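Step one of this worksheet: look at the structure below.
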Amino acid sequence: QVQLVESGGGLVQAGGSLTLACAASVRTFSRYSMGWFRQAPGKEREFVAAIASSGSRTLYADSVKGRFTISRDNPKNTMYLQMNSLNGEDTAVYYCAAGYEVGPTQVKGMYDYWGQGTQVTVSS
């Protein structure tokens, strides 16, 4: 069983930055591709970014490309999402997800484990 715990959410002004972290409690973290998804009120959960198990490949939603950066530190069992130039459309609960021995993907069904989420609110 893999437990994922997100942190780093909060309230930020438009144009500001936040860094989210996702800590995984698993010994084989380096065998999991990881992803970030988000869900705004009244909307479906949507893909944000994903990173391969080795960190060698990344994938981004068009809406965050150039503003968000996904990264991971395998020895620390932690994944990050650096978010810059935030705007109101980025307001959502952000979830991290882990997929065992799959490539980085935007497909929710490919992920085996999910965190509880962390709220990000961008004020104008």
Side-chain angles (χ1 to χ4, degrees):
Q1 188 74 8
V2 176
Q3 288 189 326
L4 303 174
V5 179
E6 302 95 337
S7 62
L11 176 64
V12 63
Q13 287 189 333
S17 299
L18 275 178
T19 299
L20 305 183
C22 173
S25 63
V26 62
R27 287 188 296 177
T28 55
F29 181 69
S30 62
R31 301 182 73 170
Y32 287 83
S33 281
M34 301 294 294
W36 287 100
F37 290 77
R38 66 187 182 186
Q39 188 167 17
K43 295 187 177 181
E44 291 192 359
R45 192 171 298 188
E46 66 174 7
F47 170 75
V48 175
I51 187 167
S53 56
S54 66
S56 60
R57 286 183 295 144
T58 57
L59 187 65
Y60 293 95
D62 287 343
S63 59
V64 307
K65 204 172 291 183
R67 300 188 299 122
F68 291 11
T69 302
I70 189 171
S71 62
R72 63 190 295 162
D73 186 337
N74 283 352
K76 293 185 178 180
N77 279 18
T78 305
M79 172 183 64
Y80 304 96
L81 185 68
Q82 172 68 44
M83 305 185 293
N84 299 325
S85 302
L86 288 161
N87 59 61
E89 294 184 351
D90 298 315
T91 294
V93 178
Y94 284 70
Y95 298 89
C96 67
Y100 185 69
E101 293 192 336
V102 296
T105 177
Q106 60 184 346
V107 179
K108 290 190 290 290
M110 296 297 288
Y111 292 90
D112 304 297
Y113 301 99
W114 293 81
Q116 294 299 306
T118 185
Q119 176 71 46
V120 172
T121 303
V122 183
S123 64
S124 57

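Model, not experiment: these values are computed from the prediction.
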Does any non-hydrogen side-chain atom of [Y] lie less than 4.5 Å from one of [X]?
X	Y	value
Val102	Tyr100	no
Tyr60	Phe47	no
Thr118	Val93	no
Lys108	Trp114	yes
Trp36	Ile51	no
Val120	Met83	yes
Ser30	Ser53	no
Asp112	Val2	no

Derivation and outcome, side-chain contact (heavy atoms from CB on, under 4.5 Å), residues Leu11 and Gln119: CA-CA 8 Å; Leu11 176 64; Gln119 176 71 46; over 6 Å; no
Ala14 to Ser124 - nearest heavy-atom pair and separation: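 Closest heavy-atom pair between Ala14 and Ser124: CB-CA, 4.3 Å.
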Exercise: identify the closest heavy-atom pair between Pro75 and Asp73: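 Heavy atoms only, the tightest pair is CD-OD1, 3.0 Å.
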All pairs passing disulfide (SG to SG under 2.5 Å) where residues 14-100 contributes a residue, at least two apart: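 Every pair satisfying disulfide (SG to SG under 2.5 Å) with a residue in residues 14-100: Cys22-Cys96.
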Neighbour count >12 (heavy atoms, 6.0 Å) for atom CD, Gln116: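 No, the 6.0 Å shell around CD holds no more than 12 heavy atoms from other groups.
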Gln39 atom CD, neighbour heavy-atom count above 12 within 6.0 Å: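 Count over threshold, so yes.
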Qualifying side-chain hydrogen bond (donor to acceptor under 3.5 Å, both in side chains) pairs with a residue from residues 80-91, counting only residues at least two apart or across chains: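 Those involving residues 80-91 are Ser17-Asn84, Thr19-Gln82, Arg38-Asp90, Arg67-Asp90, Gln82-Asn84.
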side-chain hydrogen bond (donor to acceptor under 3.5 Å, both in side chains) contacts in which one or both residues fall within residues 4-15, not counting sequence neighbours: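 Listed once each, the pairs would be none.
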Phe37 and Tyr111 aromatic ring geometry - parallel, tilted or perpendicular at 30°/60° bounds: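 Because their plane-to-plane angle is over 60°, the rings of Tyr111 and Phe37 count as perpendicular.
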Exam field: side chain Arg31 to backbone Gly99, donor-acceptor pair closer than 3.5 Å: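 Absent.
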Under 3.5 Å: donor-acceptor pair, side chain of Thr78, backbone of Lys76: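 Yes: the side chain of Thr78 pairs with the backbone of Lys76.
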Would you compute the distance between atom [atom1] of [X] and atom [atom2] of [Y] and round it to the nearest 0.5 angstrom?
X	Y	atom1	atom2	result
Met34	Leu81	CE	CG	11.5 Å
Met79	Ile70	CE	CD1	5.0 Å
Tyr113	Leu4	OH	CG	9.5 Å
Ser123	Leu86	OG	CG	10.5 Å
Ser33	Met110	OG	CE	9.0 Å

Stacked cation flag Arg45 on Tyr95, 6.0 angstrom / 45 deg: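 Verdict for Tyr95: a cation-pi partner in Arg45.
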Stepwise side-chain contact (heavy atoms from CB on, under 4.5 Å) check, Arg72 with Phe29: CA-CA 10 Å; Arg72 63 190 295 162; Phe29 181 69; 3.3 Å; yes
